[in-house]
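Right, one structure below, let's go through it.
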Amino acid sequence: MTDQDGTRRPKYQRIADELRTAIQSGAIAPGARLPGENDLMSTYEVARMTARQALAVLRGEGLTEARKGAGVFVRSFRPLRRRGIPRLAGEGWSGGRSVWAAEVEDRALVVDQIVVSETEAGDRVAGALDLAPDARVCVRSRRFVLDDKPVLLSVSYLSADLVRDTPIARPDTGPGGTYARLTELGHRPARFREEIRCRMPTAEETTRLALPPGTPVVLIGRTAFTEPGRPVELNEMTLDASSYILEYDFDA
């Protein structure tokens, strides 16, 4: 097959392009079954391996999922729009709302696999929090599940001397979460910095996020600072890239 610019591309990629366009336009609706290998072989007059490769491309992009004995279906999960700036506005969490509140709307959000522990900071975390490498830190590890689908892994680090014997060191931090509790302790976050990068997931991340083959993850490292500039929390998040739209809206 030849593109409009005269370049030749493998047939399976052209078939995948057409199916992808149909999915993104809504012509093939979420939850709908895609044409099977036999259908694609007949429609495009290609070999079975070519049809199989085309379907594999879409599964690798996280657009579809295979159901044993039933076929390949368009994923029905609606991506979560993560509004990077408004979600961290102080009037939200200081008023007792979760930073997730505006994003999940009426969808079912569950935070599970919660583990709160205390350990030595080490060089990397100590550097982010301006602590000595042998300082103790409180570690909050959580998995976020939306509409019964794991979407995010989160690990927060805070100075143990700062939060020990407070709700932050418990699984349930209470209304407004960690930032509301830091405010009560006299360490209100006034500024945040986020660093974003992408990579392929580890085996553990693939399992915990139930990722389809070929799905990358987005890594977001967020540091919270008080008004004097003291770092009080490092939050390292691993997101299922196919489940998120990252939105940043700010004035020019």
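Bear in mind that the values here come from a model prediction, so they are computed numbers and not experimental data.
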Taking the side chain from [X] and the backbone from [Y], do they hold a donor-acceptor pair closer than 3.5 Å?
| X | Y | result |
| --- | --- | --- |
| Arg48 | Glu37 | no |
| Arg75 | Arg59 | no |
| Arg208 | Pro150 | no |

Applying salt bridge (charged side-chain N to carboxylate O under 4.0 Å, His left out), which residue pairs with at least one partner in residues 171-181 are found, sequence neighbours left out?
Arg181-Glu184

Tell me, which pairs form a salt bridge (charged side-chain N to carboxylate O under 4.0 Å, His left out) where one or both residues lie in residues 195-204, sequence neighbours left out?
Arg199-Glu205

Does CE in Met200 sit with more than 12 non-hydrogen atoms of other residues, nucleotides or ligands closer than 6.0 Å?
yes

Given side chains that start at C-beta, do those of [X] and [Y] come closer than 4.5 Å, heavy atoms only?
| X | Y | result |
| --- | --- | --- |
| Asn235 | Thr178 | no |
| Tyr44 | Arg14 | no |
| Val74 | Leu63 | no |
| Thr64 | Leu55 | no |
| Leu162 | Leu182 | yes |
| Ser243 | Lys149 | yes |

For a side-chain contact (heavy atoms from CB on, under 4.5 Å) check, start with the C-alpha distance between Met41 and Asn38, then their side-chain angles and the critical distance, and finish with the verdict.
CA-CA 5 Å; Met41 290 167 60; Asn38 291 337; 4.0 Å; yes

What's the spacing between [X] [atom1] and [Y] [atom2] if we round to 0.5 Å?
| X | Y | atom1 | atom2 | result |
| --- | --- | --- | --- | --- |
| Thr43 | Glu18 | OG1 | CD | 10.0 Å |
| Arg230 | Ser159 | CZ | OG | 6.0 Å |
| Asp130 | Phe225 | CG | CZ | 9.5 Å |
| Leu109 | Asp148 | CG | CG | 11.0 Å |
| Arg222 | Glu233 | CZ | CD | 6.0 Å |
| Arg81 | Ile245 | CZ | CD1 | 4.0 Å |

If you link ILVMFWY side chains whenever their heavy atoms are less than 4.5 Å apart, which other residues fall into the same cluster as [X]? By chain and number, please.
| X | result |
| --- | --- |
| Leu234 | Val125, Leu129, Leu131, Val137, Val139, Val155, Tyr157 |
| Leu211 | Leu153, Leu209, Val217, Leu219 |
| Phe73 | none |

Would Asp17 and Arg20 pass as an ion pair if we require N to O under 4.0 Å?
yes

Over all atoms of both residues, closest heavy-atom pair of [X] and [Y]:
| X | Y | value |
| --- | --- | --- |
| Ala224 | Pro189 | CB-CB, 4.2 Å |
| Cys138 | Ala169 | SG-CA, 4.1 Å |
| Leu40 | Pro35 | CD2-CB, 3.9 Å |
| Leu239 | Met237 | CD1-CB, 3.8 Å |

Just to verify, what does [X] make a salt bridge (Lys or Arg N to Asp or Glu O under 4.0 Å) with, not counting sequence neighbours?
| X | answer |
| --- | --- |
| Glu236 | Arg124 |
| Arg107 | Asp147 |
| Arg164 | Glu118, Asp161 |

Pairing residues for [X] by the side-chain contact (heavy atoms from CB on, under 4.5 Å) criterion, not counting sequence neighbours:
| X | result |
| --- | --- |
| Asp134 | Glu120, Ala132 |
| Asp112 | Val110, Arg143, Val145 |
| Tyr248 | Arg82, Ile85, Glu194, Ile196, Leu246, Phe250 |
| Ile114 | Val111, Val116, Arg142, Pro171 |

Are Val115 and Val163 linked, directly or through other ILVMFWY residues, by side chains that come within less than 4.5 angstrom of each other?
no

What's the verdict on side-chain contact (heavy atoms from CB on, under 4.5 Å) for Val46 and Tyr12, showing C-alpha distance, side-chain angles and the deciding distance?
CA-CA 9 Å; Val46 296; Tyr12 77 89; over 6 Å; no

